[in-house]
2 protein chains.
Amino acid sequence: MVEFLKPMDKRQKILNAATRLFVERGFQNTSTANISKEAGVATGTLFIYFATKDELINAIYKEAKQRMAESLKEGFPQGAATRDKLKHLWAEVAAWALDNSENFRFMHMFSASPFITNLTREEVESTSSFAMQSIKDGMKNGEIASIPIDLFHSILDGFLTGTVRYIAANPSKRKKAIEASFDVFWNGIKGK
Amino acid sequence: MVEFLKPMDKRQKILNAATRLFVERGFQNTSTANISKEAGVATGTLFIYFATKDELINAIYKEAKQRMAESLKEGFPQGAATRDKLKHLWAEVAAWALDNSENFRFMHMFSASPFITNLTREEVESTSSFAMQSIKDGMKNGEIASIPIDLFHSILDGFLTGTVRYIAANPSKRKKAIEASFDVFWNGIKGK
DNA sequence: TGCATAAATGACTGATTAGTCAATTTTTGT
DNA sequence: ACAAAAATTGACTAATCAGTCATTTATGCA
């Protein structure tokens, strides 16, 4: 027998509700009771799945990053030129961010927050190492300009955040905006 | 008689202490008692200058933005080419951010926070309108690529945040890093 | 079916905190 | 020097909230 419409398990319901509320109202301004109510479970249930409220916010961060990374890996053109690899990443991140705007906003809002532990940050770093490696390779062989990797990362983040924010406000211009912002990005970082 | 070493007024002491603590520990995780203690005043004093804790965080945001804008306006080359105007802004922002790293981190951390009201955001917008106007002018006459202003803003933010973060970690490379990141930025956005 | 185990519930509590206010100290003007 | 006004103080309170736990409900398995 096939399972139709298997109800989302409670853990996931809690994660989704918390993401929504944290983005809307901030972490400390959202009580665990708020989250439980929004998720449709009892206040005690939250603490079965997450020992503390801090553990919950760290789980959201970690799982969102992991899911995004999985999405980026799909169909990644390993052997291709750096430009094509980056273009692939660009399109995938934009698509993911638009389909998961709550998670994307969450990642942006809480990436620098003191509630996300260094352990979480470390655990998450490896998920995007395949992309980072491509970038380092591209710098080595001169396809892209040699700039500090932190700076590169921050630039990339600014581009993507801006692109996604723009597309969210102007959905019809999605394709064009992705192309245009990639061109600006590529012109900036390409070698020579 | 000249006033030597006039003690910083209590309002400013509270603003400074709060900025430091909010960046370190987050907004809701910092109690007003923490702030008062750090500032060296009584708990009641905070509420003489700021009716609520929310008013305090909005004041920090507003005044930091305003002070930075003033700094940017100094010596702004009004008649110059867009590239030179942007280069001036670049250097000034980098300098300000490095001299006011607490405030810069604060601005970055709380610019998207739900505690900053829309009114505050509106009030602050005008402080950088002179820079925005230069950018729009540059787009009109083809000196820089025509991209949505929100996207431009976000890209700029990413570049600056990354540059400042890098310089903070590698102070000796300050001059070179500023030049290098501007070049990447300019190659990306220049016209044609 | 019945029993054992796991999951879920929500009333409750100990701790924390934003904001108050009556009392005290400092400043100002004469 | 004095008094009136202004600024400052910190003990206090009403409210909120993270996390607990005794009880109930659901699940798996013989």
Side-chain angles (χ1 to χ4, degrees), chain A residues 1-62 106 110 113-117 120, chain B residues 1-62 106 110 113-117 120:
Chain A
M1 185 207 177
V2 186
E3 273 174 324
F4 283 99
L5 242 52
K6 178 187 173 180
M8 213 190 322
D9 70 72
K10 305 206 173 196
R11 186 174 182 282
Q12 196 57 50
K13 273 192 174 167
I14 292 165
L15 285 168
N16 292 350
T19 304
R20 213 174 313 136
L21 293 173
F22 288 161
V23 167
E24 263 169 36
R25 320 167 34 168
F27 176 63
Q28 299 265 2
N29 205 36
T30 303
S31 70
T32 55
N34 292 155
I35 299 167
S36 300
K37 196 175 179 189
E38 180 92 357
V41 301
T43 63
T45 307
L46 192 154
F47 294 96
I48 297 169
Y49 294 101
F50 308 97
T52 65
K53 198 184 169 190
D54 278 86
E55 197 177 301
L56 169 60
I57 195 175
N58 278 273
I60 295 175
Y61 187 75
K62 206 162 120 183
F106 178 92
F110 291 95
S113 121
F115 308 112
I116 305 296
T117 67
T120 300
Chain B
M1 184 209 179
V2 185
E3 275 173 324
F4 284 99
L5 242 50
K6 178 188 173 182
M8 211 190 322
D9 70 72
K10 306 205 173 198
R11 187 175 182 281
Q12 196 56 51
K13 272 192 175 169
I14 292 165
L15 284 169
N16 292 349
T19 305
R20 213 174 314 136
L21 293 174
F22 288 162
V23 167
E24 264 169 36
R25 318 168 35 167
F27 176 63
Q28 298 266 3
N29 205 36
T30 303
S31 70
T32 55
N34 291 156
I35 298 167
S36 300
K37 196 176 180 189
E38 180 91 358
V41 300
T43 63
T45 307
L46 192 152
F47 294 95
I48 296 169
Y49 295 101
F50 309 97
T52 64
K53 199 185 169 189
D54 278 85
E55 196 176 302
L56 169 59
I57 196 174
N58 277 273
I60 295 175
Y61 186 77
K62 204 162 122 183
F106 178 92
F110 291 95
S113 122
F115 308 112
I116 305 297
T117 68
T120 300

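Lettering of chains follows the sequences in order, A, B, ..., and the numbering in each one begins at 1. Because only heavy atoms are used, hydrogens play no part in the values below, and waters and symmetry mates are left out as well, while side chains stay in. Computed from a predicted structure; not experimentally measured.
- Distance, B:Lys13 NZ to D:dA7 P: 17 Å, rounded to whole Å.
- Counting only residues at least two apart or in different chains, salt bridge (charged side-chain N to carboxylate O under 4.0 Å, His left out) contacts with residues 30-58 of chain B comprise B:Arg20-B:Glu38.
- Across residues 43-52 of chain A, A:Thr43, A:Gly44, A:Thr45, A:Ile48, A:Tyr49 each have a non-hydrogen atom less than 4.0 Å from an atom of DNA chain C (numbered order).
- When the P atom of C:dT16 is taken as reference, atom CG of B:Asn34 falls 12 Å away, rounded to whole Å.
- Between the CG atom of A:Asn29 and the P atom of D:dT16 there is a distance of 12 Å, rounded to whole Å.
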Return all side-chain donor-acceptor pairs below 3.5 angstrom for residues 21-28 of chain A, not counting sequence neighbours, or 'none' if the list is empty.
{"from": "A:Arg25", "atom 1": "NH2", "to": "A:Asn29", "atom 2": "O", "distance (Å)": "3.1"}
{"from": "A:Arg25", "atom 1": "NH2", "to": "A:Asn34", "atom 2": "OD1", "distance (Å)": "3.2"}

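- Rounded to an integer number of Å, the gap from CZ of B:Phe22 to P of C:dA18 is 9 Å.
- For C:dT17, the OP1/OP2 oxygens have no side-chain nitrogen or oxygen of B:Thr32 closer than 4.0 Å.
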Using the side chain to side chain contact (heavy atoms under 4.5 Å, CB included) rule, take B:Ile35 and B:Leu46 through it: C-alpha gap first, then chi angles, then the decisive distance, then the call.
CA-CA 8 Å; B:Ile35 298 167; B:Leu46 192 152; 3.8 Å; yes
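- How far OG1 of A:Thr19 is from OH of A:Tyr61: 13.5 Å, rounded to the nearest 0.5 Å.
- Straight-line distance from the CG atom of A:Asp9 to the P atom of C:dA6: 18 Å, rounded to whole Å.
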What do the steps show when you test A:Phe110 against A:Asn58 for side chain to side chain contact (heavy atoms under 4.5 Å, CB included), and what is the final call?
CA-CA 10 Å; A:Phe110 291 95; A:Asn58 278 273; over 6 Å; no
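- The CG-P distance, from B:Asp54 to C:dG19, rounds to 7 Å in whole Å.
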Write down the protein N/O and nucleotide N/O pairs, taken from nucleotides 23-27 of chain C, whose separation is under 3.5 Å; answer none if there are no such pairs.
none

For A:Leu15 and A:Tyr49, what are the C-alpha separation, side-chain angles and deciding distance, and is it a side chain to side chain contact (heavy atoms under 4.5 Å, CB included)?
CA-CA 10 Å; A:Leu15 285 168; A:Tyr49 294 101; over 6 Å; no
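- A:Phe50 meets the ring pair (Phe, Tyr, Trp, His ring centres under 6.0 Å) test with no other residue; sequence neighbours excluded.
- In this structure, NZ of A:Lys10 is placed 13 Å from C1' of C:dA6, rounded to the nearest angstrom.
- Residue pairs satisfying the salt bridge (charged side-chain N to carboxylate O under 4.0 Å, His left out) criterion with at least one member in residues 40-50 of chain A, sequence neighbours excluded, are absent.
- Across all strands shown, A:Thr30 has heavy atoms under 4.0 Å from sugar-phosphate atoms exclusively, and none from any base.
- Distances from the side chain of B:Ser31 to the nucleotides C:dA18, D:dG10, D:dC17 place C:dA18 closest.
- A straight line from CZ of B:Arg11 to C1' of D:dT8 spans 17 Å, rounded to a whole angstrom.
- Atom OG1 of B:Thr30 is separated from atom CG of B:Leu56 by 10.0 Å, given to the nearest 0.5 angstrom.
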